[in-house]
Amino acid sequence: MENQKKRQAAYMKRSLLDQGYLDEQFIHLEELQDDANPNFVEEVVKSYYTDSARYVRNIELALENGPYDFARLDNMMYQFKGSSSSIGARRVKRQCSQFQEYCNAKNIEGCRNIFQEVKQEYDTLKTKLETYFQLLQQKCYYREHMI
């Protein structure tokens, strides 16, 4: 059973990388995880979720009604993009860059439209990573109870 869970988790991670949801930064995070801190990556990702919820809400508020401060919008998205980069959220990061391009062009409709895509990519990644971490937890559970 443990081997099956291990294969499922490895396959899922490979799929997330191949589909462009994650990049090599996620692998680097996993390399930092050890027996002394076995939940390191999951804790980092949970911290990302907390920070991201705040960034998303602040950007939503800034996009609600004018006048629009494009420099402020760009700065907020820059922070969200940096946070996304830190866990290897490749697709989210790419959409954040597009948002910033619309900010530089002072295109509020472009910002609004791409922000919906940013949130969609973020939500998709969050769901996929939650499933991945559940598989890892099951793998650890089986290992602890089979010994």
Side-chain angles (χ1 to χ4, degrees), residues 4-143:
Q4 180 183 358
K5 295 295 178 190
K6 191 175 189 176
R7 281 193 306 272
Q8 285 178 322
Y11 175 79
M12 182 164 196
K13 179 171 74 172
R14 174 56 36 212
S15 177
L16 290 169
L17 291 163
D18 290 347
Q19 294 174 19
Y21 287 102
L22 296 173
D23 63 23
E24 64 281 346
Q25 179 61 30
F26 188 79
I27 295 169
H28 294 309
L29 281 177
E30 288 191 322
E31 290 170 351
L32 295 173
Q33 187 164 289
D34 59 19
D35 291 339
N37 197 354
N39 298 320
F40 174 74
V41 177
E42 188 173 7
E43 290 168 9
V44 169
V45 171
K46 283 182 180 178
S47 176
Y48 166 73
Y49 295 156
T50 301
D51 292 345
S52 297
R54 187 177 68 252
Y55 295 138
V56 166
R57 184 66 190 135
N58 288 341
I59 294 167
E60 283 174 335
L61 290 171
L63 287 173
E64 280 183 2
N65 34 17
Y68 302 103
D69 183 345
F70 288 99
R72 184 170 169 260
L73 281 167
D74 182 68
N75 185 53
M76 287 188 285
M77 188 56 75
Y78 178 79
Q79 291 174 346
F80 184 35
K81 183 171 83 173
S83 185
S84 298
S85 270
S86 73
I87 68 152
R90 184 177 182 193
R91 285 189 179 189
V92 175
K93 184 174 62 171
R94 184 176 24 202
Q95 297 294 32
C96 290
S97 293
Q98 286 193 309
F99 181 96
Q100 290 181 288
E101 289 176 22
Y102 284 116
C103 282
N104 290 334
K106 299 191 182 336
N107 180 339
I108 195 62
E109 286 310 311
C111 287
R112 285 186 178 132
N113 292 336
I114 200 70
F115 187 60
Q116 296 309 311
E117 293 179 34
V118 169
K119 291 192 302 183
Q120 183 178 353
E121 289 293 349
Y122 169 78
D123 289 340
T124 300
L125 178 63
K126 184 175 180 182
T127 300
K128 289 180 179 291
L129 284 176
E130 286 171 350
T131 302
Y132 175 68
F133 289 126
Q134 286 172 357
L135 277 172
L136 291 179
Q137 291 297 331
Q138 289 173 0
K139 183 181 94 172
C140 290
Y141 173 83
Y142 287 120
R143 184 177 342 139

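Computation of the quantities below employed the complete heavy-atom set of this structure, encompassing side-chain atoms and omitting hydrogens, waters and symmetry-equivalent molecules.
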Inset, instruction - With the side chain counted from C-beta on, respond yes when Leu125 and Arg91 share a heavy-atom pair under 4.5 Å apart, and no when they do not. - result: no
Inset, instruction - Find the distance between CG (Asn37) and CD (Glu42) and round it off to the nearest 0.5 Å. - result: 11.0 Å
Legend entry - Aromatic plane relationship, Tyr48 with Phe80 - under 30° parallel, 30 to 60° tilted, over 60° perpendicular: parallel
Legend entry - Expected output: side-chain Ser86 to main-chain Ser83 donor-acceptor under 3.5 Å: yes
Legend entry - Minimum-distance pair of heavy atoms, taken over all atoms of Val56 and Phe115: O-CZ, 3.6 Å
Inset, instruction - Could you tell me how the ring of Phe26 sits relative to the ring of Phe133: parallel (under 30°), tilted (30 to 60°) or perpendicular (over 60°)? - result: tilted
Inset, instruction - Look up atom CG in Asn107 and atom OH in Tyr102, then write down how far apart they are to the nearest 0.5 Å. - result: 6.5 Å
Inset, instruction - May I ask you to decide if Tyr11's main-chain N or O and Ser15's side chain share a donor-acceptor pair within less than 3.5 Å? - result: no
Inset, instruction - Identify, with sequence neighbours excluded, every residue that meets salt bridge (charged side-chain N to carboxylate O under 4.0 Å, His left out) alongside Arg112. - result: Glu109
Legend entry - For the student: nearest non-hydrogen atoms of Ala62 and Arg72, plus distance: CB-NH1, 3.6 Å
Inset, instruction - Would you indicate whether the side-chain heavy atoms of Glu30 and Lys13 approach each other to under 4.5 Å? - result: yes
Inset, instruction - For the residue pair Val118 and Gln98, establish whether any side-chain heavy-atom pair is separated by less than 4.5 Å. - result: no
Inset, instruction - Locate the shortest heavy-atom distance separating Ile87 from Leu29; write the atom from each residue and the value. - result: CA-CD1, 3.7 Å
Legend entry - Heavy-atom side-chain contact between Leu129 and Tyr21 under 4.5 Å: no
Legend entry - Check: Gln95 side chain, Glu117 main-chain N or O, donor-acceptor pair, under 3.5 Å: no
Inset, instruction - Could you tell me the separation between the CD atom of Gln137 and the CG atom of Asn39, rounded to the nearest 0.5 Å? - result: 5.5 Å
Legend entry - Residues Lys128, Thr131; criterion side-chain contact (heavy atoms from CB on, under 4.5 Å); working and verdict: CA-CA 5 Å; Lys128 289 180 179 291; Thr131 302; 5.8 Å; no
Inset, instruction - Determine, for Asp123 against Lys126, whether the closest basic-nitrogen to carboxylate-oxygen distance falls under 4.0 angstrom. - result: no
Inset, instruction - To the nearest 0.5 Å, tell me how far Glu121 CD sits from Lys93 NZ. - result: 13.5 Å
Legend entry - Close side-chain approach of Ile27 and Leu17, heavy atoms under 4.5 Å: yes
Inset, instruction - Nearest 0.5 Å please: distance from the CE atom of Met12 over to the CG atom of Leu135. - result: 6.5 Å
Legend entry - Shortest non-hydrogen separation from Tyr122 to Ala53 and the atoms involved: OH-N, 4.3 Å
Inset, instruction - Look at Lys119 together with Glu60 and state whether they make a salt bridge at an N to O cut-off of under 4.0 Å. - result: yes
Legend entry - CD/Glu43: more than 12 non-hydrogen atoms of other groups inside 6.0 Å: yes
Legend entry - From Ile108 atom CD1 to Asn113 atom CG, the distance as rounded to the nearest 0.5 Å: 10.0 Å
